[in-house]
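Take a look at the structure set out below.
Residues: numbered from 1 along the sequence shown.
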Amino acid sequence: LADAASAANEEIEFERAAKDCLDILCKSQGWAAGRLWLVQEEQMIIATEIFHLEHPEGMCARMNEAAQESKNHTFARRVVDSGSGVLVSTTLGDEEQWQGSLGELMDMHSQFAWPVFSGGAVTAVIEFFSFHDIEFDERTKNLLNHVALQLSHVRGREEAREQIESMAYSDLVTGLPNRYAFEREMSRT
């Protein structure tokens, strides 16, 4: 937990912090894979190329292929819509939800997803997979809540930095580039 929090706090970019956290969580918990989904405007969910794979040979291609299928956005969509985590396992009696899922396509036994909030809305989803059944107890929930909170701080700092830059180089009334933006572009050429 301390390693994940430290990694998130040290990173400036959200996606790099998420990658660090995925690596740390998967290795420390024995989970085979983890993936980051981003939530963009109008709650559109985007699969990223940010993931952790315990056995990357072949699994990377399977994960990317499966993530492109619309059904595999289901877990991330449920997290975005509910604002809470989702766990599905082969032993929990979730056969209907498991069939065709990314976890099933990757020959896993458990799959779960957890929200990352920023500005009161889910802006990302971290998803994990395991070859064994995951004990989803209070300790695991607290761990995921803490990591998601750290990532939300990084996301908030990144959004604030982007907003400040936008304000510095745009006219506040019209939104058009200002003199400073013009000078910055001229200095680049």
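Here the closest non-hydrogen pair linking Gly34 and Cys26 is N-SG, 3.7 Å. Residues Phe51 and Thr48 come closest through the heavy atom pair CD2-O, 4.2 Å. Contact detail for Trp114 and Gly85: the closest heavy-atom pair is CE3-CA, 3.4 Å. Taking both residues in full, the closest heavy atoms of Ser84 and Pro115 are given as C-CD, 3.9 Å, listed atom of the first, atom of the second, then distance.
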| task | Might you work through the side chain to side chain contact (heavy atoms under 4.5 Å, CB included) test for Val79 and Trp37, ending with a clear yes or no? | result | CA-CA 11 Å; Val79 170; Trp37 297 83; over 6 Å; no

| field | Working for salt bridge (charged side-chain N to carboxylate O under 4.0 Å, His left out), residues Lys141 and Asp137 | value | CA-CA 6 Å; Lys141 289 178 185 177; Asp137 55 9; over 6 Å; no

| request: Show your working on side chain to side chain contact (heavy atoms under 4.5 Å, CB included) between Leu36 and Glu49 and close with a plain yes or no. | output: CA-CA 8 Å; Leu36 175 69; Glu49 292 294 321; over 6 Å; no

| request: Could you go through the side chain to side chain contact (heavy atoms under 4.5 Å, CB included) check for Ser110 and His132 one step at a time? | output: CA-CA 7 Å; Ser110 299; His132 56 82; over 6 Å; no

| task | Using the salt bridge (charged side-chain N to carboxylate O under 4.0 Å, His left out) rule, take Asp23 and Lys27 through it: C-alpha gap first, then chi angles, then the decisive distance, then the call. | result | CA-CA 6 Å; Asp23 289 343; Lys27 288 176 185 176; 5.4 Å; no

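Using a 4.5 Å heavy-atom cutoff, the side chains of Leu25 and Leu143 are in contact. Under the 4.5 Å side-chain criterion, counting only non-hydrogen atoms from C-beta, Leu151 is in contact with Ile126. Side chains of Leu22 and Phe128 form a contact here, defined as non-hydrogen atoms less than 4.5 Å apart. Counting heavy atoms from C-beta on, the side chains of Val116 and Phe14 come closer than 4.5 Å. Looking at heavy atoms from C-beta onward, Val125 lies out of side-chain contact with Ile45 at the 4.5 angstrom threshold. Proximity of Glu127 to Phe112: side-chain heavy atoms (C-beta onward) are nowhere separated by under 4.5 Å. For the pair Gln150 and Val154, the minimum side-chain heavy-atom distance is 4.5 Å or more. Between Leu38 and Arg155 there is a side-chain heavy-atom pair separated by less than 4.5 Å.
Using modelled atom types, no side-chain atom of Ser166 and backbone atom of Glu162 make a donor-acceptor pair closer than 3.5 Å. Asp171 contributes no side-chain N or O that, together with a main-chain N or O of Pro177, makes up a donor-acceptor pair within less than 3.5 Å.
Applying the 4.5 Å side-chain rule to ILVMFWY residues, one finds Leu172 in the same cluster as Met167. Counting side-chain heavy-atom gaps under 4.5 Å among Ile, Leu, Val, Met, Phe, Trp and Tyr, Ile164 is found in no cluster with other residues.
Remark: Glu13 does not engage Arg157 in a salt bridge, criterion side-chain N to carboxylate O under 4.0 Å.
Note: Leu53 CG to Trp31 CH2 = 15.0 Å, rounded to the nearest 0.5 Å. Annotation: the span from Glu158 atom CD to Glu15 atom CD amounts to 7.0 Å, rounded to 0.5 Å. Atoms CZ and OH, from Phe182 and Tyr169 in turn, are 14.5 Å apart once rounded to the nearest 0.5 Å. With rounding to the nearest 0.5 Å, the separation of NE2 in His52 from SG in Cys21 is 13.0 Å. Rounding to the nearest 0.5 Å gives a distance of 7.5 Å between CD of Glu185 and OG of Ser187. Interatomic distance, CD of Gln29 versus CD1 of Ile24, reported as 11.5 Å (0.5 Å rounding).
At least one test fails for Arg35 against the ring of Phe129: distance under 6.0 Å to the centre or angle within 45° of the axis.
Gln163 CD: 12 or fewer foreign heavy atoms inside a 6.0 Å radius.
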